Number of protein chains: 2
Amino acid sequence: MAVTLKDIAQRVGVSVTTVSRALGGYEDVAEATREKVLHAAEELGYYPSATARQLQKRRTDTIGFVIPTFGPRFSDPYFSELLAGIGNEAARHNFDLLVSTRSPDSPEEEEAYHRLVDGRRVDGVLVVRTRIEDSRLAYLTQRNFPFVAFGRSQANEDFPYLDVDGQKGLRDVVQHLIDLGHERIAYVSAPLNLTFATHRLAGYKQALEESGLAYDENLVVVGYLTEEDGYQAAHRLLSLPNPPTAIAVANDLMALGVMRAAHERGLNVGHDVAITGFDDIPLAAHAHPPLTTVCQPIYDIGQRVCRMLIQVIKGEPVAERHILLAPTLVIRESSGATHQ
Amino acid sequence: MAVTLKDIAQRVGVSVTTVSRALGGYEDVAEATREKVLHAAEELGYYPSATARQLQKRRTDTIGFVIPTFGPRFSDPYFSELLAGIGNEAARHNFDLLVSTRSPDSPEEEEAYHRLVDGRRVDGVLVVRTRIEDSRLAYLTQRNFPFVAFGRSQANEDFPYLDVDGQKGLRDVVQHLIDLGHERIAYVSAPLNLTFATHRLAGYKQALEESGLAYDENLVVVGYLTEEDGYQAAHRLLSLPNPPTAIAVANDLMALGVMRAAHERGLNVGHDVAITGFDDIPLAAHAHPPLTTVCQPIYDIGQRVCRMLIQVIKGEPVAERHILLAPTLVIRESSGATHQ
DNA sequence: CTTGACATCCGAAACGTTTTGGATTATAAT
DNA sequence: ATTATAATCCAAAACGTTTCGGATGTCAAG
């Protein structure tokens, strides 16, 4: 049995109220009693019950985070790093983190949100990888529950979010490929129900258009963000009668798969074919050859998004409700820049 | 304001007790009242307060998981997959998952455990990446708090754990290298305060000994499990006056770094130098060349370890308190087997 | 009638805190 | 001596559940 305020109260011979207030640092308790209370607490090894506190204060000091995963298992380094950013920032503010992993748009995902929100297990939630029609966003706004999204949505709903300008990111990287002389540039996209996927695709198109290159829909294929899907997409693209000389990819994990397919076909990446990614996961710099990509500071994003959420929860004014970060192009060897 | 039992009680004109029991499916409530209660609950959108329940039932139905990370940011795919395994299994049993990321053996890590355990935020915790002298294990046993470890400890303490036989794993993979004709085999180890690191090192030594090869301490270097550390270790090893022809590595992430260093030196991995890893993260199969490694089924391990913990929490008898899984050798191209 | 059995309900306590609104006592000012 | 002031303390209510131990009413059997 854990030690409670009552135990201390009995030991010291004072009321529970006084113990609570002594421990809480209130002014209306005599220095002598405070010390006795402190001693007793120390001696008995008192540690307040989080649950009791939560019930009384009607807040949990916990934030919820449901990670959308394709398939039960996943290992996108992207999420580990985002999680670290969120978790460490939460800890700094004395918040806990309740995590679930669910596949997107599934009944299980919906249930997870109900559990967190309706069950009042958390004070706010973080939504990532937003979708064009996003039931999570709809639910949370309708419930008027504190949340912050990493990513925008289709509609012009007004919720606080932070996003990376994927359109600019892809425009820049494709422009980079064009500068290197490429004219047949393929694109491995993410599923287009994901908001960021549409932005990145738009960036791809924009770059082509700005340089007067035609958009060829045969050069665009969709993958579910895994290495394996990138691998397969690349094989499809490279089997075309008139294969691309460059392949831009919507995320690094798929780009790694694309590189593997290229290698398998005896192509020299960065020479015979240019390949680029998006995210700049740690492995990107360490790929073979190192991957040209678009850097979004995932760890920082996790921190910032978490900080925003805590502000929302506390009802503090949020400096910026809508943040759009400009990603930066990171040129490495896979795009062949060094060979030019 | 959320809907409470009281609201339903008032609406139906019945006591809170009855509402609770009606909702709880007890037999001592008339069918007619039960229906009225159910209707009202539905209408008002009642959802029980997790906190209130937790306080009353004196359990949280939550398990704690503190992820040990080197440096604030981390992105070991290994942990994403472990987390998915744990999280999904927890969900199956209607348990929540409270997650923190802390650097091992730090005051912050210790504080995280206190918060979870002393604050009674969780009913049990999962300990991973056990250390030889592990203050977490000592603390939890002393507190008599439910926990399960993924990994053993030095002492013969009797706590429930699941571990992978790293000694066998490394013995097998080094034997594989020996079979391929290698005689100068280096080893990139994990920090030796980690239990699994000592087992794997023992396996390395065992294989050498069994084949009558001398153990050369210059061929063993330690890295902190990151790609970067593997990279640096490899450069050190390959700069030796008499460099190794094969490098066994304690985990896949470092092995990827080792491969990068080898490439950088113009070595053809799998031909000029053999490289092997441990874990079989998804990326291993997709490395260039594909990485020969030792497979431990991380996702399954997450599930099993979680299931064990829930049994411990519920006081159910745990079928096996000490599980030692035999990992399997996965031969791919990086060890050069295909070239023999 | 009385009794017992059963069906249905409920008050009150408990879980461990925090907070509200005084109560009590001592001290200082008039 | 009276009164205001300040310094300490505390009982009770509240947070939203569950559970324990009856209470009440009905009905059939004696």
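Residue numbers begin at 1 in each chain, while the letters A, B, ... track the order of the sequences. Keep in mind that what you see is a predicted model, and the values were worked out from it rather than measured.
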Looking at every strand, decide which applies to A:S20 at a 4.0 Å heavy-atom threshold: base, sugar-phosphate, or nothing. base
Taking atom [atom2] of [N] as reference, at what distance in whole Å does atom [atom1] of [X] sit?
{"X": "A:Q56", "N": "C:dT18", "atom1": "CD", "atom2": "P", "result": "7 Å"}
{"X": "B:R120", "N": "C:dT17", "atom1": "CZ", "atom2": "C1'", "result": "11 Å"}
{"X": "A:L5", "N": "D:dC15", "atom1": "CG", "atom2": "C1'", "result": "15 Å"}
{"X": "A:L55", "N": "D:dA14", "atom1": "CG", "atom2": "P", "result": "14 Å"}
{"X": "B:R34", "N": "C:dA7", "atom1": "CZ", "atom2": "P", "result": "14 Å"}
{"X": "A:I8", "N": "C:dT17", "atom1": "CD1", "atom2": "C1'", "result": "12 Å"}
{"X": "A:Q54", "N": "C:dC15", "atom1": "CD", "atom2": "C1'", "result": "14 Å"}
{"X": "A:R59", "N": "C:dT18", "atom1": "CZ", "atom2": "P", "result": "11 Å"}

Report yes or no: is there a donor-acceptor pair, N or O only, under 3.5 Å between the side chain of B:T17 and the base of C:dG11? yes
Considering only heavy side-chain atoms of B:S15, the closest of C:dG11, D:dT17, C:dC15 is C:dG11
In terms of side-chain heavy atoms of B:R21, which of C:dT17, D:dT19, D:dT18 is nearest? D:dT19
Check this for me: does any side-chain nitrogen of one of A:E43 and A:R11 sit under 4.0 Å from a carboxylate oxygen of the other? yes
Between [X] and [Y], do the side chains contain an N or O donor and an N or O acceptor separated by less than 3.5 Å?
{"X": "A:Y139", "Y": "A:D118", "answer": "yes"}
{"X": "B:S80", "Y": "A:S80", "answer": "yes"}
{"X": "B:T101", "Y": "A:N88", "answer": "yes"}
{"X": "B:T60", "Y": "B:D123", "answer": "yes"}

Phosphate contact ([N] OP1 or OP2) by [X] side-chain N/O below 4.0 Å:
{"X": "A:S49", "N": "C:dG16", "value": "no"}
{"X": "B:Y46", "N": "D:dT17", "value": "yes"}
{"X": "B:T18", "N": "C:dC9", "value": "no"}
{"X": "B:R53", "N": "D:dT18", "value": "yes"}

Taking the six-membered ring where the residue is Trp, are the ring centres of B:F150 and B:Y161 under 6.0 Å apart? no
Test applied, salt bridge (Lys or Arg N to Asp or Glu O under 4.0 Å); reference residue, A:E109; option that passes from A:R129, A:R115, A:R131: A:R131
Check DNA chain D against residues 24-33 of chain A and give the residues with a non-hydrogen atom under 4.0 Å, in numerical order. A:D28, A:V29, A:A30, A:T33
Hey, which sits more toward the 5' end of DNA chain C by its nearest nucleotide, A:A2 or B:G13? B:G13
